[in-house]
Amino acid sequence: LAALPKAPNNYHPIRNTEAATNRRNWVIERMFEDGYITAEEAKIAQAKPLTMQKRLTIESVEADFFSEEIRRELKNRYGQESLYQGGLAVRSSVDPKLQNMAVKALRDGLSAYDKRHGWRGPVATLNSTKNWDTDLTKIAIPEGMLPEWQIGVVLDIQKTSASIGFTNTSKIDLKLDGVRWARKCLQDCYALGPEIINMNQVVKKGDVIMIEKIQKETNRQKSEAWVLRQVPKVQGALIALDPHTGRVLAMQGGWTQSASSFNRATQAQRQPGSAFKPFVYLAALESGLTPATLVLDAPFVIEQAPGDFWRPTNYSNKYYGPSTIRMG
């Protein structure tokens, strides 16, 4: 634990095991030098493997944005002194099952949207792969990288696969299927490059990338595969309420709170959506139109940016031709 405060990401005991172990051993050495432990105790402690004890999932729930919203509310209501020194016990309305579903749903949606806008390139590129395992430990973990993702360096490339090395010196093969989504981002990601048929279109030797091992099912057969990942540039939020009581059952204010604590579910200014329609219709009535005036409801397309077309539709995905203002 004493090794972590300096740089928790750089000394992550799972993602950067070697760096974390070296830092731990340095702390133990300092404990010996300062007289807190004996040389024998230090030697035994440094020889032990670095292990992690995972907390049971039933004991915790990932609801960082929700708990921070509660903290702000309590601070505003009772003041900072009562919040941190008043011995408060707080009971909240979050549902762990729904919260986990909300986090997954939002991240899946943001990631899917981001993938449709192409691949923005590697985290970094090593000048040489001669000492790749050591150099890789010096690469800062990207903001927003999920715990289940790993960073690795491209060591070799074939047409349909790439050899990826990790900080613990292990290697895996990243197949072409795991990078097919990564078409090049063009024109500020409003357009995409050609379809991926060769690994060289996506990565090159020395590239540091984020990848994840996933479970996939083909013909009812389950197997593991590695896929290329990138942290989405787009952000979003999700909040689930009980409409009868107003209780907040789940809240996710962005991709991850570690990357940004700004809660888009409660702090962002949002588009008004259909609530803006009364202003449009009022302007029409003030301009001389009547509830009986006919307006054509037909398909409409506008190019917002090169290659990016906006095609608004009705909720029913149908068009109704000449329709009255009253119907609108």
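- In summary, the side chains of Ser170 and Asn168 do present a donor paired with an acceptor at a separation below 3.5 Å, with no hydrogens or angles considered.
- Under the 3.5 Å distance criterion, the side-chain polar atoms of His117 are matched with a main-chain donor or acceptor of Tyr113.
- Transitive grouping of hydrophobic side chains (ILVMFWY, heavy atoms separated by less than 4.5 Å) brings Leu136 and Trp149 into a common cluster.
- Between Met210 and Pro142, the closest side-chain pair of non-hydrogen atoms falls below 4.5 Å.
- Aromatic ring pairs are classed by plane angle as parallel below 30°, tilted from 30° to 60° and perpendicular above 60°; the pair Trp119 and Trp181 is perpendicular.
- Considering all non-hydrogen atoms of both residues, Trp132 and Thr129 come closest at CD1-O, 3.1 Å.
- Residues Leu249 and Leu241 form no side-chain contact, since every pair of their non-hydrogen atoms from C-beta on lies 4.5 Å or further apart.
- Remark: side-chain polar atoms of Ser111 are not paired, donor with acceptor, to backbone N or O of Asp108 under 3.5 angstrom.
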Mind running side chain to side chain contact (heavy atoms under 4.5 Å, CB included) on Ile151 and Ile141 for me, showing each step along the way? CA-CA 8 Å; Ile151 62 167; Ile141 300 298; 3.9 Å; yes
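- Residues Ala182 and Leu228 share a closest heavy-atom pair of CB-CD2, 3.8 Å.
- A salt bridge links Arg72 with Glu69: the closest approach of a Lys/Arg side-chain nitrogen to an acidic carboxylate oxygen falls below 4.0 angstrom.
- Counting all heavy atoms, side chain and backbone alike, Glu195 lies closest to Gln201 at O-NE2, 3.2 Å.
- Residue Tyr190 is not grouped with residue Ile302 when hydrophobic side chains (ILVMFWY) are merged at heavy-atom distances under 4.5 angstrom, including chains of intermediate members.
- A donor-acceptor pair under 3.5 Å is formed between the side chain of Gln252 and the backbone N or O of Gly254.
- A heavy-atom distance below 4.5 Å is found between the side chains of Tyr84 and Arg71.
- Without hydrogens or angle criteria, Ser287 side chain to Leu285 main chain gives no donor-acceptor distance under 3.5 Å.
- Two different hydrophobic clusters hold Tyr11 and Ile28 under the rule that ILVMFWY side chains link at heavy-atom gaps under 4.5 Å.
- A donor-acceptor pair under 3.5 Å links the side-chain atoms of Asn100 to the main chain of Pro96, judged by distance alone.
- One finds the CD1 atom of Ile14 at 9.5 Å from the CG atom of Leu50 (value rounded to the nearest 0.5 Å).
- Between the side chain of Thr17 and the main chain of Pro13, a donor-acceptor pair closer than 3.5 Å is present.
- The shortest distance between side-chain heavy atoms of Leu4 and Arg24 does not fall below 4.5 Å.
- Side-chain heavy atoms closer than 4.5 Å link hydrophobic residues (I, L, V, M, F, W, Y) into clusters, and following such links, possibly through other members, connects Val153 to Met145.
- Side-chain contact of Asp207 with Thr125: a donor-acceptor pair under 3.5 Å is present, judged by distance alone.
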Output, in order, the C-alpha distance, side-chain angles, deciding distance and verdict of side chain to side chain donor-acceptor pair (under 3.5 Å) for Glu18 and Asn16. CA-CA 6 Å; Glu18 185 178 351; Asn16 296 321; over 6 Å; no
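- Once rounded to the nearest 0.5 Å, the distance linking CG of Leu186 with NZ of Lys184 reads 6.5 Å.
- Under the 4.5 Å side-chain heavy-atom criterion for Ile, Leu, Val, Met, Phe, Trp and Tyr, Leu176 and Leu174 are members of the same hydrophobic cluster.
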Gln215 vs Glu224, side chain to side chain contact (heavy atoms under 4.5 Å, CB included): CA-CA, chis, key distance, verdict: CA-CA 5 Å; Gln215 297 285 336; Glu224 293 182 339; 3.2 Å; yes
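- Using a distance-only test at 3.5 Å, with no hydrogens or angles considered, no donor-acceptor pair links the side chain of Thr293 to the main chain of Leu289.
- In this structure, the side chain of Trp255 engages the main chain of Gly144 through a donor-acceptor pair within 3.5 Å.
- Side chains of Arg23 and Lys6 form a contact here, defined as non-hydrogen atoms less than 4.5 Å apart.
- In this structure, CG in Asp177 is found 11.5 Å from OG in Ser161, a value given to the nearest 0.5 Å.
- Considering CD1 of Ile214 and CZ of Arg229, their distance stands at 6.0 Å, rounded to 0.5 Å.
- Looking at heavy atoms from C-beta onward, Ser163 lies out of side-chain contact with Ile157 at the 4.5 angstrom threshold.
- Here the side chains of Val94 and Val248 are not in contact, with every heavy-atom distance at 4.5 Å or above.
- No donor-acceptor distance shorter than 3.5 angstrom exists from the side chain of Arg264 to the backbone of Gly236, with no hydrogens or angles considered.
- Nearest heavy atom pair, residue Ile196 against residue Val179, reads CG1-O, 3.9 Å.
- To the nearest 0.5 Å, atom CD1 of residue Ile139 and atom CG of residue Leu126 are 5.5 Å apart.
- Within the model, atoms OG of Ser128 and CG of Asp135 stand 7.5 Å from one another, a figure rounded to the nearest 0.5 Å.
- For the pair Asn9 (side chain) and Ala140 (backbone), a donor-acceptor distance under 3.5 Å is absent.
- Electrostatic pairing of Arg120 and Asp114 counts as a salt bridge here, judged by a charged N lying under 4.0 Å from a carboxylate O.
- The closest side-chain heavy-atom distance from Leu282 to Glu286 is below 4.5 Å.
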Under the side chain to side chain contact (heavy atoms under 4.5 Å, CB included) rule, what do Ile325 and Tyr281 come out as? Steps first, then yes or no, please. CA-CA 8 Å; Ile325 293 280; Tyr281 291 120; 4.1 Å; yes
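- If you check the side chains of Glu68 and Asn263, you find no donor sitting under 3.5 Å from an acceptor.
- Residues Ala2 and Pro5 come closest through the heavy atom pair O-CD, 3.4 Å.
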Go through the steps for Val227 and Ile211 under the test side chain to side chain contact (heavy atoms under 4.5 Å, CB included), then give the verdict. CA-CA 5 Å; Val227 293; Ile211 58 175; over 6 Å; no
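- Of all heavy-atom pairs between Arg270 and Thr266, the closest is NH2-N, 4.4 Å.
- A 6.0 Å sphere centred on CD of Glu81 holds no more than 12 heavy atoms belonging to other residues, nucleotides or ligands.
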